[in-house]
Amino acid sequence: MIRFFLIEDDAVVRRMLERIIQDSGLGEIVGQASDGSHVSIDQLYGVDVILIDLLMPGLDGIQTIKKLQADGFAGRFIMVSQVENKEMIGEAYLQGIDTFIQKPINRLEVMAVLKRVSDYLTLEASLQTIRKSLQILDVKAKEPHTSGLKSQSSDQDILAQKARKLLLQLGIAGEAGAPDLLLIMEWLVQDERQGDKLHELQLKELYTQILLKVHASLNEHGITKEVRAMEQRIRRMVLQAFTHLSSLGLTDYANPTFEHFAPRLFDFQEIRQRMQELEAGEKTTKCRISVKKFLSVFYMEAKAL
């Protein structure tokens with residue numbers, strides 16, 4: 001279960017959030033405060049996620065995030081606010097919030113956000129096992145030439161953290177293809193030449209190289225089967241990101257996530273068509289999606305964070 005801490009000056013909002021979190025079964029509230037000046041790092045031991053208002057007396061949300069991060073808090077932040085100013089919201093994202101809940105509180109929205117965060121944290125835990133396996137393989141492959149291994153591992157960790165943040169922003173952290181995408185990012189950071197030329201690579205070849213490294217004992221038939229499964233998982237994940245962004249644009253054309261990522265990750269004409277499909281209630285799509293473009297831009301966006 002996720003351990004939440006609430007920083008919100010409105011007692012009514014705190015009670016609403018507490019009730020929603022308890023009813024959802026996704027976590028528990030372990031502490032509360034009316035503004036950031038009343039919160040110290042000692043109170044946050046074991047806390048996974050802080051739900052925090054943007055505008056508060058004393059320290060506001062952004063100031064509080066800066067203070068807690070400087071003090072060593074490494075958990076996640078969810079901003080809860082009625083502010084619609086794009087610059088303020090953009091600043092909040094730059095300071096480290098993972099997602100945004102709009103006031104007045106909507107129960108379904110809160111539960112959907114909490115579910116995405118829960119999936120994200122579960123994904124993080126599962127990736128630790130994958131990463132350990134990759135590190136073991138890296139060590140074996142590079143022995144006795146171990147110089148630079150520590151630096152490379154650090155680069156992989158940094159890119160993986162940035163990639164996980166993007167997964168959450170795009171609403172796909174809980175997708176089955178998310179671990180595959182992170183494996184691809186870690187693979188590309190080992191050789192930036194491949195990452196910069198991703199648009200020129202054959203995806204099946206890329207998937208095969210990665211899976212041969214992770215599943216060294218598989219025979220040719222097994223690898224072919226795993227490549228096909230990986231290809232399907234990634235395509236479904238990319239389709240979910242495509243639909244999620246289209247849905248954001250349909251709800252709020254000025255949404256900063258939609259404005260930034262929709263025209264970069266996808267053909268914007270296809271995004272507009274998907275928005276029309278969603279407005280008409282169509283669950284399936286006739287739009288064309290380039291997985292290669294998505295992966296290439298995702299990699300560049302993760303590096304640029």
Side-chain angles (χ1 to χ4, degrees), residues 1-22 24-83 87-103 105 110 113-128 131-132 150 153-169 173 302 305:
M1 291 180 66
I2 303 174
R3 294 165 62 86
F4 292 95
F5 194 99
L6 303 184
I7 306 178
E8 163 65 57
D9 63 313
D10 190 331
V12 174
V13 173
R14 292 202 303 270
R15 286 196 295 271
M16 290 177 63
L17 289 170
E18 187 171 15
R19 190 177 305 117
I20 293 170
I21 289 171
Q22 289 174 345
S24 72
L26 290 172
E28 60 175 337
I29 304 293
V30 297
Q32 301 183 23
S34 58
D35 74 72
S37 61
H38 297 127
V39 182
S40 68
I41 191 66
D42 294 336
Q43 296 172 266
L44 302 177
Y45 179 77
V47 171
D48 301 301
V49 177
I50 294 177
L51 288 159
I52 184 168
D53 192 5
L54 181 55
L55 300 179
M56 297 180 291
L59 290 180
D60 66 22
I62 293 176
Q63 292 171 327
T64 301
I65 290 172
K66 289 180 178 178
K67 182 191 80 168
L68 296 177
Q69 289 179 332
D71 289 342
F73 179 71
R76 307 294 169 187
F77 292 95
I78 299 176
M79 188 68 76
V80 184
S81 182
Q82 62 186 8
V83 172
E87 291 185 1
M88 294 185 70
I89 295 173
E91 174 67 13
Y93 275 112
L94 288 174
Q95 293 304 323
I97 72 163
D98 289 297
T99 190
F100 190 90
I101 294 174
Q102 185 72 40
K103 289 183 180 178
I105 297 299
V110 174
V113 169
L114 297 185
K115 180 65 168 60
R116 287 206 306 271
V117 173
S118 176
D119 290 341
Y120 174 81
L121 293 175
T122 301
L123 173 64
E124 266 196 327
S126 65
L127 283 170
Q128 292 300 322
R131 188 171 294 109
K132 286 179 181 177
K150 184 176 181 180
S153 177
S154 176
D155 290 342
Q156 289 176 342
D157 290 341
I158 291 171
L159 187 69
Q161 290 173 10
K162 294 177 178 179
R164 287 195 293 271
K165 184 174 181 179
L166 284 183
L167 286 172
L168 194 61
Q169 279 187 268
L305 278 179

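Not measured: the values here are computed from a predicted model.
A donor-acceptor contact shorter than 3.5 Å is absent between the side chain of D60 and the backbone of L55. Here the side chain of Q22 pairs no donor or acceptor atom with the backbone of R19 at under 3.5 angstrom.
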Please lay out, stage by stage, how D42 and S40 fare under the test side-chain hydrogen bond (donor to acceptor under 3.5 Å, both in side chains).
CA-CA 5 Å; D42 294 336; S40 68; 4.6 Å; no
Under the criterion side chain to side chain contact (heavy atoms under 4.5 Å, CB included), I'd like the reasoning laid out for V80 against I105: C-alpha separation, chi angles, the key distance, then a yes or no.
CA-CA 8 Å; V80 184; I105 297 299; 3.7 Å; yes
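Here the side chains of M79 and I101 are not in contact, with every heavy-atom distance at 4.5 Å or above. Using a 4.5 Å cut-off on side-chain heavy atoms (C-beta onward), Q63 and K66 make no contact. Side-chain contact between L114 and I2 is absent, with no heavy atoms from C-beta onward closer than 4.5 Å. Between I7 and L68 there is a side-chain heavy-atom pair separated by less than 4.5 Å. Counting only heavy atoms from C-beta outward, the side chains of V13 and D53 never approach each other to under 4.5 Å. When side chains are defined from C-beta on, E8 does not count as touching M16, because their heavy atoms never get closer than 4.5 Å. Annotation: side chain of I62 is in contact with side chain of L54 (closest heavy-atom distance under 4.5 Å). Residues T64 and M56 meet the side-chain proximity criterion, which asks for heavy atoms closer than 4.5 Å.
Residues forming a side chain to side chain contact (heavy atoms under 4.5 Å, CB included) with A11 (at least two apart in sequence, or on another chain): R14, R15. For K67, the side chain to side chain contact (heavy atoms under 4.5 Å, CB included) partners are L59, D71, not counting sequence neighbours.
Of all heavy-atom pairs spanning V39 and A33, the tightest one is CG2-CB, 3.4 Å. Between D35 and P57, the shortest heavy-atom contact is CB-O, 3.1 Å.
Taken to the nearest 0.5 Å, the CD1 atom of I29 stands 11.0 Å off from the CZ atom of R3. The distance from the CG atom of L26 to the CD1 atom of I20 is 11.5 Å, given to the nearest 0.5 Å. Distance CD1/I50 to CD1/I78: 10.5 Å, rounded to 0.5 Å. Considering CZ of F4 and CD of E28, their distance stands at 10.0 Å, rounded to 0.5 Å.
Note on residues 38-68: no pairs pass ring pair (Phe, Tyr, Trp, His ring centres under 6.0 Å), not counting sequence neighbours.
Residue K115 qualifies as open at atom NZ: its count of foreign heavy atoms under 6.0 Å is 12 or below.
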